Amino acid sequence: MNILVLIKQVPDTEAKITVSSGKVNEAGIKWIISPYDEIGLEEAIQWKEKTGGTVTALSVGPDQVVSSLRTAYAMGADNAIHVKVDDYNMLDSFSIAEAIIKAIEGEKYDVILAGRQGSDSDNGQVPYIVGTKLGYGVVSYAKKVDLQDSKAVIECEAEGGEATYEAEYPVIITANAGLAEPRYPSLKGIMASKKKPITTKTLDDLGISPEPKIDVIEFQPPPPRPPGRIIEGEEPEEKAANLVKALHEEIKVI
Amino acid sequence: MANYLVVGEVDKGNLKKASKEAVSTAKKIFGSASAVLIGEGASSVAAELGKYGADTIYAGDVNEYNGEAYAKAIAQLVKDKGFDVILIPHSWVGRDISARLGALLDAAVISDAVEIKLEGDRVVIKKPVYSGKAFAELKCRTPIQIVTFRPNSQGIEEQAGSGNVENINVDFGGVKTKLISVKESGGERVPLTEADIVVSAGRGIKGPENMKLIEDLADLLGAGVGASRAVVDAGWCDHTLQIGQTGQTVSPTLYIAVGISGAIQHLAGMGSSKYIVAINKDPDAPIFKVSTYGVVDDLFKVVPAMQEEIRKLKG
Ligand SMILES: Cc1cc2nc3c(=O)[nH]c(=O)nc-3n(C[C@H](O)[C@H](O)[C@H](O)COP(=O)(O)OP(=O)(O)OC[C@H]3O[C@@H](n4cnc5c(N)ncnc54)[C@H](O)[C@@H]3O)c2cc1C
Ligand SMILES: Nc1ncnc2c1ncn2[C@@H]1O[C@H](COP(=O)(O)O)[C@@H](O)[C@H]1O
């Protein structure tokens, strides 16, 4: 199997996000591989280790995404492609998808693994756009993947339960939590990754200049929650009674 | 005058709550709406959407779910009838269909809106980004605009009215994936994303035997049951109950967090709840920063006492 893994670079999930003048302050943010993409990458590497083939990591974004591609190498990827976009907008799924499609033109991948959603945009759009434009099946929220010779069998989370899909190749699969447990790269892997080649493609190289399809008017801090209060009482029983009273009489939800 | 379409959802002949919310929302914000409903028993329940303001409801009866086939059928309808704005619940099905639809129609998609307004011919939406640590105000630049909204974020209003139902065809030809089996979990309780009240368990419950305490409180309130990742990772409950950045996003009227510290990744999944109650013995637990009401005490004493009080209240 030749597997392409789509990797989005995002702020560390623990990072403090602050906003000023309608923009997110990026100074001091540590950038990581989006958690679901890391899971997809791990799954791809495990399949390669079991059955052979190659794993190629691809990321669209500014120069800093190269550090995430190096992490992919350190974990065990064979190739890395950087699609360089300087005025990158993490919310503009169509432009990102267009760049991905152009960058892999002529290559043959049996499976494209992605994340169920970027932990920045929380969208979950890019894999669907790529799949629909290429005419590939897309199965999302995978919790277990079986890449058989003639078809992929994918167990995934669905509304209120689980669903199992069969898909023909090539297929795009998005990773849910629990699909695989990402490994920590070894020191040797990290050292070796520094010397690995990264294929860089600019939008000029690809001959495209995607028109943004989304306007970001502004970023805002989260709306403040109305101040709450601590329920008074001597004993737990009294607090419980006062709480139920507040739920019943003040906000009338029970 | 733009043409507005709502994508509804039906599950084995039951109209999903988010469909009603979608139609109500379109009616309230856009003034008019048509709807499309695909699934098992769609045509038998389609007319019900008229009560929430849908003029025409296009119903496609199929017995099997397939995101590709659904998206193609809806894209065809949009082209045939000339819809300009499409509103979809950000439910599991909505997430599986919306971006496919966008790709088929070359229309930008904005996902998981919590506020929606109309400015001229543009839908302007606000959505959480970075797991709720910031919000983005956005609009689509494409002629057709697709927006998904967070279920329970908009509310439902009944109207006097009745819609007329037209049947549409859903073609499964050429689909690349096939649904083989579906396993439902959760049983009798309301699905988490539809629940008005959610009671959630955290590591503070100490062990799997105490999930029952949470479930009993939920059942008394007709609520859904959720959990933190700590509880799911420990194997104390089914993983489908996990709420947070790597689990489900819920937006109920009331969220009751029991023995949950309130890590940022947990807040990502429930921070947009209307009212939040936290029961935690640690007064410095971060969950209290977002709580409408906080109870600082031992959950093993507070929760049973709450059950007593609720029983009294219900007579
Ligand atoms: C990439 C990533 C993704 C994640 N995704 C998620 C996610 O989707 N959802 C999620 O929930 N977490 C997620 N987490 C984990 C998250 O960071 C926290 O570890 C987790 O939410 C903690 O769960 P908890 O609050 O139940 O446990 P704890 O943090 O251990 O809190 C237990 C609380 O119970 C209280 N307590 C103990 N005993 C009692 C008692 N007798 N009475 C009252 N209170 C008591 C304690 O004071 C404490 O505040 C993620 C983490 C990472 C790194
Ligand atoms: N800039 C990008 N480069 C590579 N892959 C991406 C990029 N943006 C999104 N993806 C992939 O698409 C998934 C969903 O992203 P999103 O649609 O932004 O939620 C991510 O988890 C990645 O696998």
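Residue numbers begin at 1 in each chain, while the letters A, B, ... track the order of the sequences. The figures here come from the full heavy-atom set of this structure, side chains too, leaving out hydrogens, waters and symmetry mates. Small disclaimer: the values here were computed from a predicted structure and weren't measured.
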Could you check which of R229(A), E237(A), E232(A), E238(A) has the highest count of heavy-atom pairs closer than 4.5 Å to chain B?
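The answer is R229(A).
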
Name the option with the most non-hydrogen atom pairs under 4.5 Å to chain B; the candidates are S140(A), A177(A), P221(A), A246(A).
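Option with the top pair count is A246(A).
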
K117(B) bridged to E119(B) by N-O distance under 4.0 Å:
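Looking at K117(B) and E119(B), the cut-off is met.
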
NZ/NE/NH1/NH2 to OD/OE distance under 4.0 Å, K127(B) and D112(B)
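Judged by the 4.0 Å cut-off on N to carboxylate O distance, K127(B) and D112(B) do not form a salt bridge.
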
List for me each residue that meets side-chain contact (heavy atoms from CB on, under 4.5 Å) alongside K178(B), sequence neighbours excluded, and say none if there are none.
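Here the qualifying residues are E64(B), I180(B).
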
Name the region of [X], side chain, backbone, both or neither, that has any atom closer than 4.5 Å to a heavy atom of chain A.
X       : answer
A107(B) : backbone
E68(B)  : side chain
V277(B) : side chain
V124(B) : side chain
K289(B) : neither
I197(B) : side chain
T193(B) : side chain
S291(B) : backbone

Do Q9(A) and S68(A) meet the criterion of a side-chain donor-acceptor pair at a distance under 3.5 Å?
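There is such a pair (donor and acceptor under 3.5 Å, judged by atom type) between the side chains of Q9(A) and S68(A).
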
Answer with yes or no after comparing the ring centroid distance for Y255(B) and Y275(B) against a 6.0 Å cut-off, counting only values under it.
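Judged by ring-centre distance (under 6.0 Å), Y255(B) and Y275(B) do not meet the cut-off.
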
